[in-house]
Amino acid sequence: MAVKYSRNHEVAYYECDVNQTMTFPAMIGVAIKTSEEQSDALNRSAEFIHRFGLTWVITNYHFQIQRLPKVGEKIQITTQAMEYNKYFCYRNFWFHDEEGNELLMIESVFVLMDIENRKMASVPEEIIAPFESEKIKRIKRFKAIPKISDGKSLPYRVRFYDIDSNQHVNNAMYFNWMIDVLGFDFLTTHVPYEVNIRFDKEVEYGNEVMSHFEIVTDNGIESRHEIRIGEQLYCEANILWQTKEVEK
C-alpha cells in the first residue's frame with residue numbers, strides 16, 4: 001500500500017477570504033507543501049528530480065468538499081501517492097478537523113515534464129519507488145467538464161508574483177481568475193462542494209488572459225470556467241455550489 005504522510009496546520013487569517021474560510025489557492029498551497037515534505041522525507045526532493053532534467057507538473061484537481069476549513073482552525077492534511085502508470089501519477093489529499101472529521105478530499109494528477117523541451121516524460125522507477133504506489137496500466141479519467149455556451153468574460157494580466165520557480169503561472173493562481181469573476185454577492189451567499197479543473201497549457205509572465213464564465217441553474221447551481229488567450233484554451237473547470245446557510 002502506498003505510504004501516507006500527514007502534517008498539522010493552523011489556518012491563518014491571510015489564507016481566508018471574507019467568508020472566514022480557506023481559499024482555493026491556500027488549500028492547494030498547504031496540500032502541495034504536504035506532498036513536498038513527504039518527498040523530502042523519502043529523499044525524492046525537487047533537487048533529486050531535477051537531476052533527471054525533470055520537474056513535476058499538475059494537470060488535474062478534483063475537490064469533494066464537506067466543509068471549508070475556517071480561520072484559526074487546526075487541521076490535519078494527509079497525502080498518499082496512490083497509483084501511477086507510464087506517464088501519470090495519482091495523488092490524493094485529505095483535510096481533517098481536530099475531531100478527525102473529513103473536511104475535503106482532493107484527487108490530483110501529476111506528470112513529469114522535461115525542463116528543457118517542456119514535454120511530458122515517462123515516470124522513472126527510481127523516482128517513484130519509495131512512495132510504494134500501485135502500478136497500473138489504465139489512464140484514470142475525471143468527469144468531463146461542460147463547455148460554456150453563453151458566458152461572460154473579464155481580462156487579467158499575469159503579474160510577476162503570479163509566476164512560480166518554474167517560470168510559469170502557479171496553478172493556484174488560475175483559481176483567483178476563475179473565482180473573482182463570480183462577484184462579491186455570489187461568493188458571499190454560496191459555498192462550493194465539488195470542483196473539477198484541468199490545466200491544458202502553461203501561461204507565462206506578461207500574458208493577458210480572459211476568464212470566461214457561465215452560471216447554470218438547470219440542475220442545481222454550477223459555474224463553468226475557461227481561461228483563454230485568444231481562441232486558445234489554457235484551463236477549464238466547473239464548480240458545483242450550494243446556497244450558504246444563514247448563521248443564527
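Values reported hereafter were calculated over all heavy atoms of this structure, with side chains retained and with hydrogens, waters and symmetry mates removed. Predicted, not measured: the structure shown is a model, and the values here were computed from it.
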For [Y], does its backbone N or O pair with a side-chain atom of [X] as donor and acceptor, under 3.5 Å?
X: E36; Y: A46; result: no
X: Q80; Y: A2; result: yes
X: N196; Y: I145; result: no
X: N207; Y: V209; result: no
X: Q232; Y: I229; result: no
X: R228; Y: S211; result: no
X: Q76; Y: H96; result: no
X: T79; Y: N92; result: yes

Heavy-atom side-chain contact between [X] and [Y] under 4.5 Å:
X: F186; Y: I221; answer: yes
X: M27; Y: L104; answer: yes
X: I58; Y: I32; answer: yes
X: Y156; Y: I227; answer: no
X: W94; Y: E102; answer: yes
X: S39; Y: W56; answer: no
X: T34; Y: F95; answer: no
X: C16; Y: V11; answer: yes

To the nearest 0.5 Å, what is the distance between [atom1] on [X] and [atom2] on [Y]?
X: S6; Y: I77; atom1: OG; atom2: CD1; value: 8.5 Å
X: I106; Y: Y61; atom1: CD1; atom2: OH; value: 7.0 Å
X: D17; Y: T188; atom1: CG; atom2: OG1; value: 9.5 Å
X: R7; Y: K33; atom1: CZ; atom2: NZ; value: 6.0 Å
X: H212; Y: L154; atom1: NE2; atom2: CG; value: 10.0 Å
X: L54; Y: I115; atom1: CG; atom2: CD1; value: 6.5 Å

Can you give me the closest heavy-atom contact between [X] and [Y], atom names plus distance?
X: A81; Y: S133; result: O-OG, 2.5 Å
X: F131; Y: R91; result: CE2-NH2, 3.4 Å
X: I148; Y: E214; result: CA-OE1, 3.3 Å
X: S153; Y: F213; result: N-CE2, 4.3 Å
X: V3; Y: P130; result: CG2-O, 3.9 Å
X: T59; Y: V111; result: CG2-CG2, 3.8 Å

Ring geometry between F24 and F175 (parallel below 30°, tilted from 30 to 60°, perpendicular above 60°): parallel
Evaluate the ring planes of F199 and Y174, with Trp represented by its six-membered ring, and classify them as parallel (under 30°), tilted (30 to 60°) or perpendicular (over 60°). perpendicular
Taking only Lys NZ, Arg NE, NH1 and NH2, and the carboxylate oxygens of Asp or Glu, determine whether E73 and R67 approach each other closer than 4.0 Å. yes
Ion pair present between E83 and R138, side-chain N to carboxylate O less than 4.0 angstrom? yes
Quick check on the hydrophobic clustering: are [X] and [Y] connected, directly or via other members, by side-chain heavy-atom contacts under 4.5 Å?
X: Y234; Y: I179; result: yes
X: I215; Y: L187; result: yes
X: V109; Y: I136; result: yes
X: M210; Y: Y205; result: no
X: F184; Y: L68; result: no

Within 45 degrees of the axis of the six-membered ring of F48 and under 6.0 Å from its centre: does R44 put its NZ or CZ there? yes
May I have the step-by-step check of side chain to side chain contact (heavy atoms under 4.5 Å, CB included) for R51 and E126, ending in yes or no? CA-CA 12 Å; R51 294 177 199 168; E126 186 176 351; over 6 Å; no
Answer yes if the side chains of N19 and K244 hold a donor-acceptor pair under 3.5 Å, and no otherwise. yes
Can you list every pair that meets salt bridge (Lys or Arg N to Asp or Glu O under 4.0 Å) and has a residue in residues 168-180, with sequence neighbours left out? none
For [X], I'd like to know if atom [atom1] has over 12 heavy atoms of other residues, nucleotides or ligands within 6.0 Å.
X: R159; atom1: CZ; answer: no
X: N219; atom1: CG; answer: no
X: K140; atom1: NZ; answer: yes

Using the rule given for side-chain hydrogen bond (donor to acceptor under 3.5 Å, both in side chains), can you reason through Y90 versus E134, listing the C-alpha separation, both sets of side-chain angles and the distance that settles it, and then say yes or no? CA-CA 10 Å; Y90 305 99; E134 179 185 356; over 6 Å; no
Applying side chain to side chain contact (heavy atoms under 4.5 Å, CB included), run through N171 and I28 and close with a yes or a no. CA-CA 9 Å; N171 281 355; I28 290 173; 5.7 Å; no
Please evaluate residues L103 and K70 with respect to the criterion side chain to side chain contact (heavy atoms under 4.5 Å, CB included), reporting the C-alpha separation (whole Å), side-chain torsions for both, the decisive distance (0.1 Å), and the verdict. CA-CA 10 Å; L103 300 177; K70 300 176 182 178; over 6 Å; no
Residue pairs fulfilling side-chain hydrogen bond (donor to acceptor under 3.5 Å, both in side chains) with at least one residue in residues 105-117, sequence neighbours excluded: H62-E107
Salt bridge (Lys or Arg N to Asp or Glu O under 4.0 Å) filter on E99, not counting sequence neighbours, yields none
Please walk me through it: do R118 and M113 pass side chain to side chain contact (heavy atoms under 4.5 Å, CB included)? CA-CA 6 Å; R118 309 304 294 179; M113 179 179 288; 3.6 Å; yes
